[in-house]
Amino acid sequence: MLFLVATLLLLGVVLGAVAHAPLSFSLVAGAVIVVWLGVFALRERHGRGHRGSAH
């Protein structure tokens with residue numbers, strides 16, 4: 001429960017900071033995050049396909 005409260009508090013701080021940032025900066029930062037998550041997802045999918053499953 002404490003983790004959830006801390007996460008929501010952090011989300012509120014981040015959203016508050018984005019609300020005061022210029023729109024172009026917010027869009028660029030969002031695009032960087034999307035690319036980062038996409039690369040992470042592709043690496044995870046690629047890595048799991050070549051590794052043997054322990055289950």
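Numbers for residues simply follow the sequence, beginning at 1. Heavy-atom basis, side chains included; hydrogens, waters and symmetry copies ignored. Because the structure is a prediction, the values reported are computed rather than measured.
If you take CG on Leu11 and CG on Leu4, they are separated by 10.5 Å, rounding to the nearest 0.5 Å. A distance of 11.0 Å separates CG in Leu37 from CG in Leu42, rounded to the nearest 0.5 Å.
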Under 3.5 Å, which donor-acceptor pairs do the side chains of residues 14-35 form with other protein atoms, sequence neighbours left out?
{"residue": "Ser26", "atom": "OG", "partner": "Pro22", "partner atom": "O", "Å": "3.3"}

